[in-house]
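See structure below.
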Amino acid sequence: MTEPVIALSNIKKRYLLGEETLEVLKGIDLLVEANEYVALTGPSGSGKSTLMNIIGCLDTPSDGEYSLAGVSVASLNENELAEA
């Protein structure tokens, strides 16, 4: 069996707004295999853009694990992230 192209495990994203914490993503799990098509849907403010920014390596999760083609995104440097 091959590695998933995208593997998200317990992805969380929090933003600090003054003294408040805004929890945008609350434990997202997602596996995308090669040749699969996936659509993210949901109401405005549900975290779709935040999740896409994480998947596209434009942002990092507050917690959780993200693997892209079997490689942990957390282990990549800035140049490797730009190439991912």
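Since we're looking at a predicted model, the values are computed, not measured.
Between the side chain of K26 and the backbone N or O of I11 there is no donor-acceptor pair closer than 3.5 Å. Between the side chain of K13 and the main chain of L22, no donor-acceptor pair closer than 3.5 Å is present. One N or O on the side chain of E36 and one on the backbone of E33 form a donor-acceptor pair closer than 3.5 Å.
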Apply the test side chain to side chain contact (heavy atoms under 4.5 Å, CB included) to residues V38 and I6: give CA-CA distance (whole Å), side-chain angles for both, the deciding distance (0.1 Å), then the verdict.
CA-CA 11 Å; V38 177; I6 295 172; over 6 Å; no

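For the pair I54 and L25, the minimum side-chain heavy-atom distance is below 4.5 Å.
With values rounded to the nearest 0.5 angstrom, S9 atom OG is found 11.0 Å from L30 atom CG. Rounded to the nearest 0.5 Å, atoms OG1 (T60) and CG (L76) are 12.0 Å apart. Between the CG atom of L8 and the CD1 atom of I55 there is a distance of 5.0 Å, given to the nearest 0.5 Å.
A pairwise comparison of heavy atoms in G27 and N10 identifies CA-OD1, 3.4 Å as the closest pair.
Linking Ile, Leu, Val, Met, Phe, Trp and Tyr whenever their side-chain heavy atoms come within less than 4.5 Å leaves L58 and L51 in two separate clusters. No single ILVMFWY cluster, assembled from side-chain heavy atoms under 4.5 Å apart, contains both L31 and M52.
Applying the side-chain hydrogen bond (donor to acceptor under 3.5 Å, both in side chains) test to every pair with at least one member in residues 63-84, sequence neighbours left out, gives these pairs: R14-D63.
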